[in-house]
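Structure, as structure tokens:
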Amino acid sequence: VQLQASGGGLVQHGGSLRLSCVVSGSALTNYDIGWFRQAPGKDIEGVACISRRERDDSARVADSLQGRFTISRDRVKKTVYLQMDNLGPEDTAMYSCAADRRAGPCTLRGADVDYWGKGTQVTVSS
């Protein structure tokens, strides 16, 4: 499976961005897909994830980001989106999507994922 993130850029404080993660080389039903971010000098942080199951759009968003970040999926386009609203400088980071083939709920732990895509940089000006 390959994952390609896009949609990052420079945005002003309070602005919004929508990131896209295109999945190829495998059906979307084979993996849970998650978004992670890493700011300079900091550990990888789980942002949001969404289940692979056909009739289940179960999703998780990190507690600290609920209300501002939303994850969704387009199965036809094999794309997972991360909508980010009311962005602040603290959201500046490299954002990457990843695939997890474990059973059970989708994960926000970077150590659990199996495949990583190349990230997209998000920079929020103050």
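- Between Arg68 atom CZ and Ser16 atom OG the span is 10.0 Å, to the nearest 0.5 Å.
- Atom CZ of residue Arg18 and atom CE of residue Met84 lie 11.5 Å apart, to the nearest 0.5 angstrom.
- Between atom CE of residue Met94 and atom OG1 of residue Thr123 there is a gap of 8.5 Å, rounded to the nearest 0.5 Å.
- In plain terms, the two heavy atoms of Val23 and Ser26 that are nearest each other are CG1-O, 4.2 Å.
- Thr92 places a side-chain N or O within donor-acceptor distance of the main-chain N or O of Val124, the cut-off being under 3.5 Å.
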>> Determine whether Asp91 and Leu17 satisfy the following criterion, side chain to side chain contact (heavy atoms under 4.5 Å, CB included), listing intermediate values before the conclusion.
In response: CA-CA 11 Å; Asp91 297 312; Leu17 279 176; over 6 Å; no
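- Taking CZ of Arg37 as the start and OG of Ser96 as the end, the distance is 12.0 Å to the nearest 0.5 Å.
- What you find for Ala62 and Gly46 is that their closest heavy atoms are CB-O, 3.5 Å.
- Gly110 and Trp116 make their closest contact through O-CZ2, 3.6 Å (heavy atoms, listed as atom of the first residue, atom of the second, distance).
- Residue Tyr115 is not grouped with residue Phe36 when hydrophobic side chains (ILVMFWY) are merged at heavy-atom distances under 4.5 angstrom, including chains of intermediate members.
- Enclosure of atom CD in Glu90 by more than 12 non-hydrogen atoms of other residues, nucleotides or ligands within 6.0 angstrom is indicated.
- Linking Ile, Leu, Val, Met, Phe, Trp and Tyr residues whenever their side-chain heavy atoms come within less than 4.5 Å leaves Ile50 and Val22 in two separate clusters.
- The closest side-chain heavy-atom distance from Tyr31 to Arg101 is below 4.5 Å.
- For the residue pair Ala98 and Leu3, the shortest heavy atom distance occurs at C-CD2, 3.9 Å.
- The aromatic rings of Phe69 and Tyr95 sit tilted, their planes meeting at an angle between 30° and 60°.
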Using the side chain to side chain contact (heavy atoms under 4.5 Å, CB included) rule, take Val1 and Asn30 through it: C-alpha gap first, then chi angles, then the decisive distance, then the call. CA-CA 9 Å; Val1 61; Asn30 289 337; over 6 Å; no
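- Ser126 contributes atom OG, which lies 8.5 Å from atom NE2 of His13 (distance to the nearest 0.5 angstrom).
- For the residue pair Leu108 and Val61, the shortest heavy atom distance occurs at CD1-C, 4.3 Å.
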Next on the checklist: Could you go through Asp32 and Arg102, starting from their C-alpha distance and side-chain angles, then the distance that decides it, and tell me whether this counts as side chain to side chain contact (heavy atoms under 4.5 Å, CB included)?
Outcome noted: CA-CA 8 Å; Asp32 298 338; Arg102 301 170 314 118; 5.9 Å; no
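- Note that the CZ atom of Arg73 and the CG atom of Leu28 stand 6.0 Å from one another [nearest 0.5 Å].
- When hydrophobic clusters are built by joining Ile, Leu, Val, Met, Phe, Trp and Tyr residues whose side-chain heavy atoms come closer than 4.5 Å, directly or via intermediates, Trp35 is not grouped with Ile44.
- A donor-acceptor contact shorter than 3.5 Å is absent between the side chain of Arg52 and the backbone of Cys106.
- Under the 4.5 Å side-chain heavy-atom criterion for grouping Ile, Leu, Val, Met, Phe, Trp and Tyr, Val80 is connected to Val122 within one hydrophobic cluster.
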Query raised in the report: Under the side chain to side chain contact (heavy atoms under 4.5 Å, CB included) criterion, do Ser20 and Lys77 qualify, and how do the steps go?
Result: CA-CA 11 Å; Ser20 299; Lys77 295 182 179 180; over 6 Å; no
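- Closest heavy-atom contact between Arg60 and Ile71: O-CG2, 4.4 Å.
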